[in-house]
Enquirer: 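Below are the C-alpha cells for one structure; questions will follow.
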There are 2 protein chains.
Amino acid sequence: MARRNDHSREEIQAMAIEAAIDILNNEGPGSLSTRKVAKAIGYTVGTLYLVFKNLDELILQVNATTLDELEDGIVAVSQDQLNPVSTLKAMALAYLHYAQDNFARWSLLFTWRLPEGEPVPEWFDAKVAGVFEKVREPLQQLRPDSDAQTCLQAAREIWSGVHGACDLGLNGKLSFGGEFKPDTLIESLVENYLIGFAKA
Amino acid sequence: MARRNDHSREEIQAMAIEAAIDILNNEGPGSLSTRKVAKAIGYTVGTLYLVFKNLDELILQVNATTLDELEDGIVAVSQDQLNPVSTLKAMALAYLHYAQDNFARWSLLFTWRLPEGEPVPEWFDAKVAGVFEKVREPLQQLRPDSDAQTCLQAAREIWSGVHGACDLGLNGKLSFGGEFKPDTLIESLVENYLIGFAKA
DNA sequence: TGCATTATTGAACACTGTTCACTATTCTTA
DNA sequence: TAAGAATAGTGAACAGTGTTCAATAATGCA
C-alpha cells in the first residue's frame with residue numbers, strides 16, 4: 001500500500017472532480033468511468049467510494065462546476081451592454097459558445113439522469129435558479145411594470161429557446177437543408193421573442 | 001436449439017424493435033439491453049447481432065419510429081385549426097404531450113449519441129427534415145411573401161424553443177421558484193415568438 | 001439416406017458500477 | 001519504546017453491460 005493521509009477527503013474529492021473534467025474534455029462523454037478517475041488521481045476505486053457515495057454524486061459535483069462556469073460566462077458578457085436586448089443576445093451567445101467549447105461537460109449536465117427515486121439535491125436547484133435570475137434581470141428592465149414572477153416566466157421561455165437551439169444545433173439535428181449557423185439562429189430567436197415580450 | 005426459420009430477418013428485426021419499445025415504456029431509458037431484448041423475443045444475443053449490426057442500429061430504428069409517431073401526432077392536430085398561429089400552438093402542445101406520454105422514447109431520441117466517427121444515416125436526417133417541413137408550412141402561411149429558406153430558418157428557431165422547453169421542463173430543470181406549467185410556458189413562448197416573426 | 005448449408009446458440013472477452021473483507025499505516029495509550 | 005486500537009487504502013469479487021465467433025443442430029437438397 002502506498003500513502004496514507006497524503007490527502008484529506010476534501011482534497012481527494014477535488015482531485016477526482018478535476019480528473020473527471022479532464023477525461024470528459026479529452027475523451028468525450030461516455031468515456032468517464034470510476035476506474036479511470038481513480039487511476040488518474042493515483043488511488044483505486046475503493047477510495048473513490050470512500051469519498052463519494054457513488055458515481056452519480058461525483059457527476060453531480062462536476063455538473064455543479066459546469067453550472068458555475070456557465071453562469072460566470074453569461075454574467076461576464078452582460079456587464080458592458082448598452083440595453084437589455086443586446087444584453088440578452090450576448091448572454092445567449094455566451095451560452096452557445098460555452099456549450100461549443102465544453103461540449104462534453106455541457107452535454108453531461110443535461111443528459112445525466114439520476115436513478116428513479118433519487119431527487120436532485122436542493123443546492124443544485126438553487127444553482128439553476130441563480131442562472132435564471134441572471135436572465136430575468138434584463139427582462140425586468142425591458143418591462144419594468146411587470147412583476148418578478150412574469151419576468152421569471154419569460155426567462156424560462158427565452159432560455160428554453162436558447163438551450164433548445166444549442167441542444168439541437170450542437171447535436172446535428174438542425175443541419176438538413178441549406179446552410180445553418182447556430183449564432184444567427186440564436187440571435188434571431190432571441191430577437192423575435194423579445195419583440196413579442198416587449199410588446200405585451 | 002429451438003426453432004429455425006420461424007421468423008425471417010425482417011420479422012426478427014420488427015420483433016426486436018417492438019420489444020425494445022416495450023422495455024423503454026415499462027422500465028425507462030437506461031434499462032434497455034441487448035440481452036433483455038433478445039430474451040423478450042425468445043432468441044439469444046447472437047441472433048440479435050445477426051439481424052442488427054449492433055445496439056446503435058437497433059436504437060436508431062426505435063428512434064425512427066419515435067420520429068414517425070411524433071410527426072403523426074403533430075400533423076393530426078394541425079388539421080382542424082383556423083389560422084397559422086393556432087396551428088403552431090397546437091403542434092407545439094402535441095409535441096409536448098407526446099414527450100410527456102412517451103418520455104423514455106422521446107428521451108432516447110435526443111440523448112443517444114452514436115460513437116465518434118459514425119455519422120447519422122441520411123434517411124434519418126430526411127425524417128427530421130420532414131418534421132420541420134410540417135412546421136414550416138404554417139409559418140409560410142403567416143408570411144406568404146417570405147421565401148421558403150427564411151421560413152425554414154424560423155421553423156428551426158421556434159422548434160428549438162419548443163424542444164428546449166420540453167427538455168428542461170420534463171427533466172425538472174425549470175421547477176425552482178413558483179408554480180410552472182409546461183403547457184402555459186410553451187403557449188406563451190410560441191405566442192411571443194410569432195408576434196416578432198409576423199411583424200418582421 | 002447422407003451431405004452441405006446455415007440459423008442459432010452460448011461461452012468468452014473486455015468493459016462497467018459497486019461492495020467489502022482484508023492489509024498496512026498511523027495514532028494512542030501503557 | 002512497545003503493544004494495541006483505529007482506520008486509510010486496497011483489490012478481488014459480483015452482477016451487469018456490448019460484442020464476437022467457434023460450435024451445434026435443424027433444414028433443404030442430391
Side-chain angles (χ1 to χ4, degrees), chain A residues 1-17 19-20 23-24 26-63 104 107-108 111-118, chain B residues 1-17 19-20 23-24 26-63 104 107-108 111-118:
Chain A
M1 195 176 313
R3 310 80 35 86
R4 189 179 156 140
N5 287 343
D6 267 19
H7 307 96
S8 68
R9 288 173 73 91
E10 288 70 26
E11 282 174 328
I12 296 180
Q13 277 183 8
M15 287 161 69
I17 292 168
I23 293 169
L24 285 166
N26 296 328
E27 306 178 40
S31 290
L32 189 66
S33 80
T34 53
R35 283 175 179 78
K36 251 183 209 164
V37 171
K39 191 169 188 180
I41 63 171
Y43 283 87
T44 58
V45 259
T47 301
L48 223 49
Y49 280 83
L50 238 61
V51 148
F52 294 104
K53 196 176 132 242
N54 51 31
L55 181 62
D56 290 316
E57 203 176 272
L58 168 55
I59 287 179
L60 210 60
Q61 300 287 350
V62 171
N63 284 346
S107 248
L108 189 69
T111 57
W112 189 258
R113 233 183 295 290
L114 291 170
E116 201 65 31
E118 219 71 16
Chain B
M1 197 176 309
R3 309 76 38 84
R4 190 178 155 138
N5 287 343
D6 267 18
H7 307 98
S8 68
R9 289 174 71 91
E10 288 71 27
E11 282 172 327
I12 296 180
Q13 276 183 10
M15 289 161 66
I17 292 168
I23 293 169
L24 286 167
N26 297 327
E27 308 178 40
S31 291
L32 190 66
S33 81
T34 53
R35 284 174 178 80
K36 251 183 210 166
V37 171
K39 190 169 191 180
I41 64 173
Y43 283 87
T44 57
V45 262
T47 302
L48 222 49
Y49 281 82
L50 237 61
V51 148
F52 294 102
K53 195 174 133 244
N54 50 30
L55 180 62
D56 289 317
E57 203 176 272
L58 169 54
I59 287 179
L60 210 60
Q61 300 286 348
V62 171
N63 284 345
S107 249
L108 189 68
T111 57
W112 191 257
R113 235 183 295 288
L114 291 170
E116 202 65 31
E118 218 72 14

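Here is the naming used below: chain letters follow the sequence lines, and residue numbers restart at 1 for every chain.
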Enquirer: Below 3.5 Å, does any donor atom in the side chain of B/R35 face an acceptor in the base of D/dG16, or the other way round?
Expert: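 Per atom types, no contact qualifies.
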Enquirer: Could you walk me through whether A/D6 and A/Y43 pass the side-chain contact (heavy atoms from CB on, under 4.5 Å) check?
Expert: CA-CA 11 Å; A/D6 267 19; A/Y43 283 87; 4.2 Å; yes
Enquirer: Can a side chain N or O of A/Y43 be found less than 4.0 Å away from OP1 or OP2 on D/dG9?
Expert: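 A/Y43 to D/dG9 OP1/OP2: side-chain N or O found under 4.0 Å.
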Enquirer: Reading DNA chain C from 5' onward, which residue's closest nucleotide shows up sooner: A/K36 or A/K53?
Expert: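 Here A/K36 is the residue nearer the 5' end.
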Enquirer: In whole Å, I'd like the distance from the CG atom of A/L50 to the C1' atom of D/dT7.
Expert: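 Spelled out: CG on A/L50 to C1' on D/dT7 is 9 Å.
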Enquirer: Between A/E10 (CD) and D/dA8 (C1'), how many Å, whole number?
Expert: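 Taking CD of A/E10 and C1' of D/dA8, I get 14 Å after rounding.
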Enquirer: Would you indicate what A/T47 reaches in the nucleic acid, counting non-hydrogen atoms under 4.0 angstrom: base, sugar-phosphate, or nothing?
Expert: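 If one applies the 4.0 Å heavy-atom cut-off, A/T47 turns out to touch a base.
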Enquirer: Send over the distance from A/I23 CD1 to C/dG17 P, rounded to a whole Å.
Expert: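 Distance, rounded to whole Å: 10 Å.
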Enquirer: Taking the side chain from A/Q13 and the backbone from A/V51, do they hold a donor-acceptor pair closer than 3.5 Å?
Expert: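 Confirmed, A/Q13 side chain pairs with A/V51 backbone.
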Enquirer: For B/T44 and C/dG10, is the shortest distance between a side-chain N/O and OP1 or OP2 below 4.0 Å?
Expert: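 No.
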Enquirer: Rounded off to whole Å, could you give me the CD1-to-C1' distance for the A/I59 and C/dT16 pair?
Expert: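 Roughly 12 Å, once rounded to whole Å.
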Enquirer: Write down the distance between CG (A/L55) and P (C/dT16), rounded to a whole number of angstrom.
Expert: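 Spelled out: CG on A/L55 to P on C/dT16 is 11 Å.
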Enquirer: Can you figure out which of C/dG10, D/dA12, C/dG17 approaches the side chain of A/V45 most closely?
Expert: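 Selected nucleotide (nearest to the side chain): D/dA12.
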Enquirer: Can you tell me how far P of C/dT25 sits from CG of A/D6, to the nearest Å?
Expert: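 Atom-to-atom, A/D6 to C/dT25, this comes out as 12 Å.
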Enquirer: Can you check the A/L48 CG to D/dG11 C1' distance for me, whole Å?
Expert: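 A/L48 atom CG is separated from D/dG11 atom C1' by 14 Å.
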Enquirer: Quick one: which of D/dT19, D/dT17, C/dT18 gets closest to the side chain of A/N54?
Expert: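 Of the options given, the side chain of A/N54 lies nearest C/dT18.
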Enquirer: Take the protein atom CD of B/E57 and the nucleotide atom C1' of D/dT19, then report the distance between them rounded to whole Å.
Expert: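 For the pair B/E57 CD and D/dT19 C1', the rounded distance is 14 Å.
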Enquirer: Can a side chain N or O of B/T34 be found less than 4.0 Å away from OP1 or OP2 on D/dT19?
Expert: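 No, no such contact exists.
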Enquirer: Just checking A/L58: base, sugar-phosphate only, or nothing, at a heavy-atom cut-off of under 4.0 Å?
Expert: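 Here A/L58 touches no strand at all.
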Enquirer: So, taking the atom named CD in B/E57 and the one named CD1 in B/I59, what distance separates them when rounded to the nearest 0.5 Å?
Expert: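 One gets 11.5 Å once the value is rounded to the nearest 0.5 Å.
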Enquirer: Is there a side-chain contact between B/Y49 and the phosphate of D/dT19, meaning an N or O under 4.0 Å from OP1 or OP2?
Expert: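 Yes, such a contact exists.
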Enquirer: Hey, are the side chains of A/T34 and A/L58 touching, using non-hydrogen atoms and a 4.5 Å cut-off?
Expert: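 No; the side chains remain at least 4.5 Å from each other.
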Enquirer: Does a side-chain heavy-atom distance below 4.5 Å link A/D56 with A/W112?
Expert: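 They are in side-chain contact.
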